[in-house]
*Asks:* 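Sharing a structure below in structure tokens format, with a few things to ask.
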Amino acid sequence: MIGIAGESKVTSLIVLSQVVLSFQLPFAIIPLIQFTGDRAKMGGLVNSRATKILAWGVSAIILFFNAELLWFIFRG
């Protein structure tokens, strides 16, 4: 991509790649929290209540910032 866009666009390309990754993150985190919180699947290694609360809180923050980014992009 740098060869196509040019060296002057390296920073923009890095930022774009991080934005794309931030939108993919919830698709990995949310199923992971659900899976590791299921006692039938995890047995004795299931997440504690505090870990679940912290994990859902972090997920909510990520989703909030992704929604805010979309708002800024489409609002103009």
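Only a predicted model underlies this, so the values are computations on that prediction, with no experimental measurement involved.
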*Asks:* Side chains of residues 56-71: which donor-acceptor partners sit under 3.5 Å, not counting sequence neighbours?
*Replies:*
| unit_1 | atom_1 | unit_2 | atom_2 | d |
| --- | --- | --- | --- | --- |
| S59 | OG | A55 | O | 3.0 |
| N66 | OD1 | S22 | OG | 3.3 |
| N66 | ND2 | S22 | O | 2.9 |

*Asks:* Throw together a table of side-chain donor-acceptor distances under 3.5 angstrom for residues 24-48, partners on residues two or more places apart or in other chains.
*Replies:*
| unit_1 | atom_1 | unit_2 | atom_2 | d |
| --- | --- | --- | --- | --- |
| T36 | OG1 | L32 | O | 2.9 |
| T36 | OG1 | I33 | O | 3.4 |
| T36 | OG1 | N47 | ND2 | 2.7 |
| D38 | OD1 | A40 | N | 3.1 |
| D38 | OD2 | K41 | NZ | 3.3 |
| S48 | OG | T51 | N | 3.3 |
| S48 | OG | T51 | OG1 | 3.0 |

*Asks:* Does L21 sit in a hydrophobic cluster with other residues, and if so which ones, taking ILVMFWY side chains as linked at heavy-atom separations under 4.5 Å, directly or through other members?
*Replies:*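 For L21, no cluster forms, as it stays isolated from other hydrophobic side chains.
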*Asks:* Can you pull out every salt bridge (charged side-chain N to carboxylate O under 4.0 Å, His left out) where at least one residue sits in residues 51-61? Sequence neighbours excluded, please.
*Replies:*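 Listed by first then second residue: nothing to list.
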*Asks:* Among pairs that include at least one residue of residues 55-67, which meet salt bridge (charged side-chain N to carboxylate O under 4.0 Å, His left out), considering only residues two or more places apart or in two chains?
*Replies:*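 Output for this query is empty, none listed.
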